[in-house]
**Q** 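Next up is a structure, given as structure tokens.
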Amino acid sequence: MFDFHCHTFLSDGELCPAELIRRVEVKGFRAIGLSDHVDNATLEHTMAALVRAVREMSAVVDIGLLAGCELTHCRPEQIADLVGRARELGADYVVCHGETIVEPVIPGTNRAAIEAGIDYLAHPGLISDDDARLAAKRGVLLEISGRCGHSLTNGHVALAARRAGAGVVFGSDSHSPGDFMDRGMAEKVLLGAGLSADEVAEAFGRSEHFARVRLDRTL
């Protein structure tokens, strides 16, 4: 199991980084990414805490750990600057909070984030074919979400990604202990979004590659 969309209480999650890591460790996860919500005000101190947590915990656990962040409700015209700042602060990857239909995300956020060079577009909602094609061209992963509400457009995301040749991955968007899914349940979410069994296997292979490249080791 791999999951790159999880939140600690450094933003709006319920767990400290150490407990989150322990809970997925005992579930047999091979890699986890901590990607707390950030904006202009919180990027620096949140990213510093996550980088420190991942660095120190990586020395004592076998699970692969990545420090990311999720740019959330940021103004589209500011996203490129925030992506650059996150990378300078040591982010292993950058997520953007996409245009989910259950929140008032500013239209144009998906496009601005993809153009800014994010790694992973979370719950992109009714993503356009043009934006999906740009994601495919730029190598930006599109999320099939395990979170209530955000998951309402999973079928659309899967179809748009297939038409465009964009890569999809599963993300739990976990905020509490009960949100973490094992591999079997995550596969069912992907199948429910309309992926074939082969596409589900490809999605997890993509997740493994995503982690391996950033960790520079096998998992």
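Predicted, not measured: the structure shown is a model, and the values here were computed from it.
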**Q** Glu14: which residues meet the salt bridge (Lys or Arg N to Asp or Glu O under 4.0 Å) condition with it, sequence neighbours left out?
**A**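 If we apply the salt bridge (Lys or Arg N to Asp or Glu O under 4.0 Å) test to Glu14, skipping adjacent residues, there are no hits.
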
**Q** Can you list the residues that meet the salt bridge (Lys or Arg N to Asp or Glu O under 4.0 Å) rule with Arg162, with sequence neighbours excluded?
**A** Glu199

**Q** Kindly compute the distance separating CE (Met185) from CE (Met1), expressed to the nearest 0.5 Å.
**A**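 Interatomic distance, Met185 CE to Met1 CE, rounded to 0.5 Å: 10.5 Å.
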
**Q** List the atom of Leu121, the atom of Cys96, and the distance in Å for their closest heavy-atom pair.
**A**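 Nearest heavy atoms, Leu121 then Cys96: CD1-O, 3.7 Å.
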
**Q** List for me each residue that meets ring-ring contact (aromatic ring centres under 6.0 Å, His included) alongside Phe210, sequence neighbours excluded, and say none if there are none.
**A**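 Phe210 satisfies ring-ring contact (aromatic ring centres under 6.0 Å, His included) with Phe4, Tyr93 once adjacent residues are dropped.
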
**Q** For Arg206, give me all partners under side-chain contact (heavy atoms from CB on, under 4.5 Å), at least two apart in sequence or on another chain.
**A**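 For Arg206 the side-chain contact (heavy atoms from CB on, under 4.5 Å) partners, ignoring immediate neighbours, are Leu141, Val168, Val169, Glu202, Ala203.
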
**Q** Can we say Arg87 and Asp119 salt-bridge, meaning some charged N sits less than 4.0 Å from an Asp/Glu carboxylate O?
**A** yes

**Q** For His73, give me all partners under ring-ring contact (aromatic ring centres under 6.0 Å, His included), at least two apart in sequence or on another chain.
**A**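 Here the qualifying residues are His97.
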
**Q** Evaluate the side-chain proximity of Val189 to Ser151: yes if any heavy-atom separation is below 4.5 Å, no if none is.
**A** no

**Q** Flag yes if Val105 and Leu142 sit in one hydrophobic cluster, no otherwise; membership is Ile, Leu, Val, Met, Phe, Trp, Tyr, and two members link when side-chain heavy atoms are under 4.5 Å apart.
**A**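 Hydrophobic grouping puts Val105 apart from Leu142.
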
**Q** Find the distance between CE (Met181) and CD (Glu187) and round it off to the nearest 0.5 Å.
**A**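 If I round to the nearest 0.5 Å, the distance is 12.5 Å.
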
**Q** Taking only residues two or more places apart in sequence, or in another chain, which ones meet Arg55 in a side-chain hydrogen bond (donor to acceptor under 3.5 Å, both in side chains)?
**A**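 side-chain hydrogen bond (donor to acceptor under 3.5 Å, both in side chains) check on Arg55 returns nothing, list empty.
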
**Q** Tell me the side chain to side chain donor-acceptor pair (under 3.5 Å) pairs involving residues 105-114, sequence neighbours left out?
**A**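 Checked against side chain to side chain donor-acceptor pair (under 3.5 Å) - neighbours excluded - the pairs reaching residues 105-114 are Arg111-Asp131.
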
**Q** Decide whether Val24 and Val61 are clustered together by the hydrophobic rule: side chain heavy atoms of Ile, Leu, Val, Met, Phe, Trp, Tyr closer than 4.5 Å, transitively.
**A** yes

**Q** Side chains of His156 and Ile127, heavy atoms from C-beta outward: is any pair under 4.5 Å?
**A** yes

**Q** Among residues at least two apart in sequence or on other chains, which ones pass side-chain hydrogen bond (donor to acceptor under 3.5 Å, both in side chains) with Ser11?
**A**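 Ser11 satisfies side-chain hydrogen bond (donor to acceptor under 3.5 Å, both in side chains) with Asp36 once adjacent residues are dropped.
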
**Q** Identify the heavy atoms of Glu143 and Pro124 that sit nearest to each other, and give their distance.
**A** O-CD, 3.7 Å

**Q** Quick one: CZ on Phe29 to CG on Asp62, what's the gap to the nearest 0.5 Å?
**A** 16.0 Å

**Q** Of all the heavy-atom pairs spanning Leu50 and Gly68, show the shortest one and how long it is.
**A** CD1-O, 3.3 Å

**Q** Within 45° of the ring axis of Phe204 and under 6.0 Å from its six-membered ring centre, is that where the NZ or CZ of Arg183 lies?
**A**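 Because its charged atom sits under 6.0 Å from the ring centre and within 45° of the axis, Arg183 does stack over Phe204.
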
**Q** Just verifying a value: how many Å separate His209 NE2 and Arg214 CZ, rounded to the nearest 0.5 Å?
**A** 8.0 Å

**Q** List in chain and number order the residues that pass ring-ring contact (aromatic ring centres under 6.0 Å, His included) with His175, two or more places apart in sequence or in another chain; answer none if no residue qualifies.
**A** His7, His37

**Q** Measure from the side-chain N and O atoms of Ser35 to the backbone N and O of Cys6, and report whether any donor-acceptor pair falls under 3.5 Å.
**A** yes

**Q** Considering non-hydrogen atoms only, spot the tightest contact between Ala166 and Ala132 and give its length.
**A** CB-O, 3.7 Å

**Q** Quick check: does any side chain N or O of Arg138 sit under 3.5 Å from a backbone N or O of Gly117, one acting as donor and the other as acceptor?
**A** no

**Q** What verdict does the side-chain contact (heavy atoms from CB on, under 4.5 Å) test give for His5 and His123, after you've listed the backbone C-alpha separation in whole Å, the side-chain angles of each residue and the deciding distance to 0.1 Å?
**A** CA-CA 10 Å; His5 192 178; His123 40 70; 3.9 Å; yes

**Q** Which atom names give the shortest non-hydrogen contact between Ser145 and Asp173, and what distance separates them?
**A** OG-CB, 4.5 Å

**Q** Against Leu34, only a single residue in Thr46, Leu20, Leu65 fulfils side chain to side chain contact (heavy atoms under 4.5 Å, CB included); can you say which?
**A** Leu20

**Q** Transitively linked via ILVMFWY side-chain contacts under 4.5 Å: Phe180 with Val26?
**A** no

**Q** Assess whether a salt bridge exists between Glu25 and Arg22, defined as any Lys/Arg side-chain N lying under 4.0 Å from an Asp/Glu carboxylate O.
**A**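 Between Arg22 and Glu25 there is a salt bridge, with a charged N closer than 4.0 Å to a carboxylate O.
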
**Q** Any donor and acceptor pair, going by atom type alone, linking the side chain of Asp3 with main-chain N or O of Ser172 inside 3.5 Å?
**A**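 At least one qualifying donor-acceptor pair exists.
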
**Q** For the residue pair Val83 and Leu71, establish whether any side-chain heavy-atom pair is separated by less than 4.5 Å.
**A**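 Result yes, sub-4.5 Å side-chain heavy-atom pair found.
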
**Q** Test of understanding: with side-chain contact (heavy atoms from CB on, under 4.5 Å), list the residues that count as partners of Ala201, not counting sequence neighbours.
**A**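 Per chain and number, Ala201 pairs via side-chain contact (heavy atoms from CB on, under 4.5 Å) with no residue.
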
**Q** Show the numbers, then the answer: is there a side-chain contact (heavy atoms from CB on, under 4.5 Å) between Val157 and Ile144?
**A** CA-CA 7 Å; Val157 174; Ile144 302 296; 4.0 Å; yes

**Q** Would you compute the distance between atom CG of Leu134 and atom CG of Asp129 and round it to the nearest 0.5 angstrom?
**A**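 Taking CG in Leu134 and CG in Asp129, the distance rounds to 12.5 Å.
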
**Q** Listed by chain and number, what are the side-chain contact (heavy atoms from CB on, under 4.5 Å) partners of Arg85, not counting sequence neighbours?
**A** Leu43, Glu44, Asp81, Leu82

**Q** Counting heavy atoms not belonging to Arg163, are there more than 12 under 6.0 Å from its CZ?
**A** yes

**Q** Can Leu10 be reached from Met47 by stepping across I, L, V, M, F, W or Y side chains whose heavy atoms are under 4.5 Å apart?
**A**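 Yes, one cluster joins them.
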
**Q** Under a 4.5 Å side-chain heavy-atom rule over Ile, Leu, Val, Met, Phe, Trp and Tyr, are Val51 and Ile32 clustered together?
**A** yes

**Q** Which ILVMFWY residues are connected to Val102, directly or by a chain of links, through side-chain heavy atoms under 4.5 Å apart?
**A** Ile101, Leu126, Leu152

**Q** Looking at Leu15 and Pro177, what are the two nearest heavy atoms and their distance?
**A** CD2-CG, 3.8 Å

